Peer 1: 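One structure is given below, represented as structure tokens, and several questions about it will come after.
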Amino acid sequence: GDFAVLVKNGFSKQQAILAQFGTALAAMAGTVAGIYLEGFAGESLIFITAGGFIYLAACTIIPELLEEKATLKFRLMQLICFGAGIAFLYAVSMLEAMDEGGHHGHSHGHS
């Protein structure tokens, strides 16, 4: 994914590997910061993160995809996969809502 995009846009293989390593380190730092700030910012972090991903998709990824020539069948498959991703996220959110409070509907011997 990302590695191929970097190499396609002029990075050498070594530069692309270093860039990927840098983004991995940044992701770890972001995770630590998010865990630390969760008590301070609460659910606001979720909305900020979601907004960031929507911005990236709308401004960077989607225009690149639309520049490429593709068949109608391919575009329909993209749309189906996009819908499946949304359905999966919705299903996960429903499962989390059902599990609120930490009760799983059975006992593991803990209170």
Side-chain angles (χ1 to χ4, degrees):
D2 296 339
F3 180 81
V5 170
L6 292 173
V7 171
K8 178 183 170 188
N9 287 303
F11 279 64
S12 70
K13 288 182 180 180
Q14 184 176 358
Q15 288 172 324
I17 290 170
L18 287 173
Q20 288 291 96
F21 183 69
T23 57
L25 289 176
M28 293 298 291
T31 300
V32 171
I35 290 170
Y36 176 74
L37 293 173
E38 182 181 21
F40 175 72
E43 291 187 6
S44 300
L45 289 175
I46 293 171
F47 303 127
I48 293 168
T49 303
F53 279 110
I54 291 169
Y55 174 80
L56 283 173
C59 295
T60 306
I61 299 168
I62 292 174
E64 260 187 45
L65 288 175
L66 294 177
E67 284 179 3
E68 297 177 12
K69 297 279 185 196
T71 64
L72 179 62
K73 181 180 176 183
F74 182 76
R75 293 290 185 210
L76 288 174
M77 285 303 298
Q78 283 181 319
L79 190 59
I80 289 169
C81 289
F82 181 74
I86 290 172
F88 178 76
L89 292 173
Y90 181 73
V92 169
S93 71
M94 295 304 294
L95 289 171
E96 287 180 346
M98 289 171 41
D99 191 42
E100 269 185 11
H103 301 291
H104 305 290
H106 58 276
S107 176
H108 291 283
H110 54 80
S111 332

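Computed over heavy atoms, backbone and side chain alike; hydrogens, waters and symmetry mates excluded. Residue numbers start at 1 and run along the sequence shown. As the structure is a computational prediction, the values presented were derived from the model and not from experiment.
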Peer 1: Tell me the closest heavy-atom pair linking Val7 and Ala16, and the distance in Å.
Peer 2: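 Heavy atoms only, the tightest pair is CG2-CB, 3.9 Å.
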Peer 1: Determine whether Phe82 and Ile86 make a side-chain contact, defined as any pair of heavy atoms from C-beta on separated by less than 4.5 Å.
Peer 2: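 Yes, side chains in contact.
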Peer 1: If you count the non-hydrogen atoms of other residues, nucleotides and ligands that lie under 6.0 Å from CZ in Phe74, is the total more than 12?
Peer 2: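 Not buried by this count: 12 neighbours or fewer within 6.0 Å.
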Peer 1: Test of understanding: with side chain to side chain contact (heavy atoms under 4.5 Å, CB included), list the residues that count as partners of Val92, not counting sequence neighbours.
Peer 2: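 Only Phe88, Glu96 meet the side chain to side chain contact (heavy atoms under 4.5 Å, CB included) criterion with Val92.
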Peer 1: Is there a donor-acceptor pair closer than 3.5 Å between any side-chain N or O of Asn9 and the backbone N or O of Val5?
Peer 2: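 Indeed, once roles are kept as given, a pair shorter than 3.5 Å links the two residues.
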Peer 1: Any side-chain heavy atom of Gln15 within less than 4.5 Å of one from Leu6?
Peer 2: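 A side-chain contact is absent here, since even the closest heavy-atom pair is not under 4.5 Å.
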Peer 1: Within this structure, what is the CD1-SG distance for the pair Ile54 and Cys59, rounded to the nearest 0.5 Å?
Peer 2: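 Result: 11.0 Å between the selected atoms.
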